[in-house]
Amino acid sequence: MFDLIDELFFQPVWVGIYVEDISRTTGMLITGIGFFLAMRDLNQVHEQLSLELKTDDLTKVANRRYFYQYLKSNSSDNYSILIIDIDHFKRINDDFGHDVGDQVLVEFAMRCNEQLNTDSVFARIGGEEFAVYYATDNRIKVAQLSQQLLNTAQQIKIAAQRSVTVSIGVAIKSHDTLATDVIKRADQALYKAKNEGRDRVVISDDNIQTANHA
Ligand SMILES: Nc1nc2c(ncn2[C@@H]2O[C@H](COP(=O)(O)OP(=O)(O)OP(=O)(O)O)[C@@H](O)[C@H]2O)c(=O)[nH]1
C-alpha cells in the first residue's frame, strides 16, 4: 500500500524536483559559459581596437596620436625629439609609383623600429614624416642615433643609382621647455636641414652634424 502511494504521489514529485534542479543547474552552466565567452570576445575586441588606435595602418609602427600622447605623459623626463622626413618623396612616387613609395615607407619604418631600444618610441607622424622620442638628453648619444638613422635610409635601394635619403631635425629638451616647444625646435631644425641640402642632421642649437658630408 505504501509502495503504491509512493509510486503514484511521491515519486513523480521527487522526479519533478530532480528534473527541475538539473534544468536549473544546466541553465546556469550554459549562461555562465556564454557570459565567459562573451567577455573573452569583448576583451579581444577591446585589445584589438586599442592596438589599432595606436598603430599606423601602413607601416604598423606607432601612429601620431600615440606619439603625442606618450610625449605628453613623459614630458617631465629628460628626452630628445628627432623628426625625420624622407627627402624628395614626391619624386619617388612620381618616378616609381605610389606602391613603391609605400614600400619605402614600410621598409624605412621597419628598419628604424628594429634598431631602437625600449628607451625610445618611433612613430609615423605624417605622410613621409617620422619621429623618435629618445629618453636621453645626452647630445653625443642623440647625434649617434641620428647618424645611424641617416645611414639606415641610405641602405634602402629603390633602383640602381637611386637610394633613399632623409633629413633629421633634433631638439634636446632643456629643463624648462614644454613638449610643444621641443617639437617646434625639432621642426625648425628639420626645416634647416632641408634648406641646407637634405641628407643631414641638424640639432636645434645650430650644431650641424654632417658626418656624411664632412
Ligand atoms: N606612397 C605614398 N605617398 C605618400 C603617402 N603619404 C604622403 N605621400 C606623398 O608624399 C609626398 C610628400 O611630398 P612633399 O611634401 O612635397 O615632400 P618631398 O617631395 O618629400 O620634398 P621634401 O620634403 O622637400 O624633400 C606627396 O607627394 C604625398 O602624396 C603615403 O602613405 N604613401
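Ligands are counted one by one from 1 in listed order, and the atoms in each one are counted from 1 as well. FYI, side chains are in, hydrogens and waters are out, and symmetry mates aren't considered; it's all heavy atoms of this structure.
- Of all the listed residues (Glu129, Glu128, Lys194, His98), Glu128 holds the heavy atom that lies closest to atom 14 (P) of ligand 1.
- Distance from atom 7 (C) of ligand 1 to its nearest protein heavy atom, with residue and atom name: Gly127 CA, 3.6 Å.
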Next item on the list: Would you please test Phe130 and Phe122 for ring-ring contact (aromatic ring centres under 6.0 Å, His included) and show each step?
Entry: CA-CA 7 Å; Phe130 298 86; Phe122 178 78; 5.4 Å; yes
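- Side-chain N/O atoms of Gln147 and Asn151 include a donor and acceptor closer than 3.5 Å.
- Around CZ of Arg91, the count of heavy atoms belonging to other residues, nucleotides or ligands within 6.0 Å does not exceed 12.
- A donor-acceptor pair under 3.5 Å is formed between the side chain of Ser80 and the backbone N or O of Thr136.
- Once rounded to the nearest 0.5 Å, the distance linking OG1 of Thr180 with CG of Asp187 reads 11.5 Å.
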Note to self: Quick one, Lys194 with Asp87, criterion salt bridge (Lys or Arg N to Asp or Glu O under 4.0 Å). Give me CA distance, side-chain angles, the key distance, then yes/no.
What the structure shows: CA-CA 8 Å; Lys194 289 277 180 186; Asp87 296 328; 2.9 Å; yes
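- At least one heavy atom of Arg124 sits under 4.0 Å from some atom of ligand 1.
- What sits closest to atom 24 (O) of ligand 1 on the protein, heavy atoms only, is Arg198 NH2, 2.9 Å.
- If you number the atoms of ligand 1 from 1 as listed, the ones under 4.0 Å from a heavy atom of Asp85 come out as 23 (O).
- The closest protein non-hydrogen atom to atom 20 (O) of ligand 1 is Phe89 N, 2.7 Å.
- Remark: Tyr191 OH is loosely packed, at most 12 non-hydrogen atoms of other residues, nucleotides or ligands lying under 6.0 Å away.
- Annotation: atom 32 (N) of ligand 1 to nearest protein heavy atom, Asp102 OD1, 2.7 Å.
- The contact set between ligand 1 and Leu105, taken as ligand atoms under 4.0 Å from a residue heavy atom, comprises 30 (C), 31 (O), 32 (N).
- In the model, Asp85 has no side-chain atom that pairs as donor or acceptor with a side-chain atom of Ser167 under 3.5 Å.
- Lys90 CB, 3.8 Å is the protein heavy atom nearest to atom 13 (O) of ligand 1.
- Of the polar atoms of Gly101, none of the N or O atoms is found under 3.5 Å from an N or O of ligand 1, judged by distance alone.
- For atom 9 (C) of ligand 1, the closest non-hydrogen atom on the protein side is Asn93 ND2, 3.5 Å.
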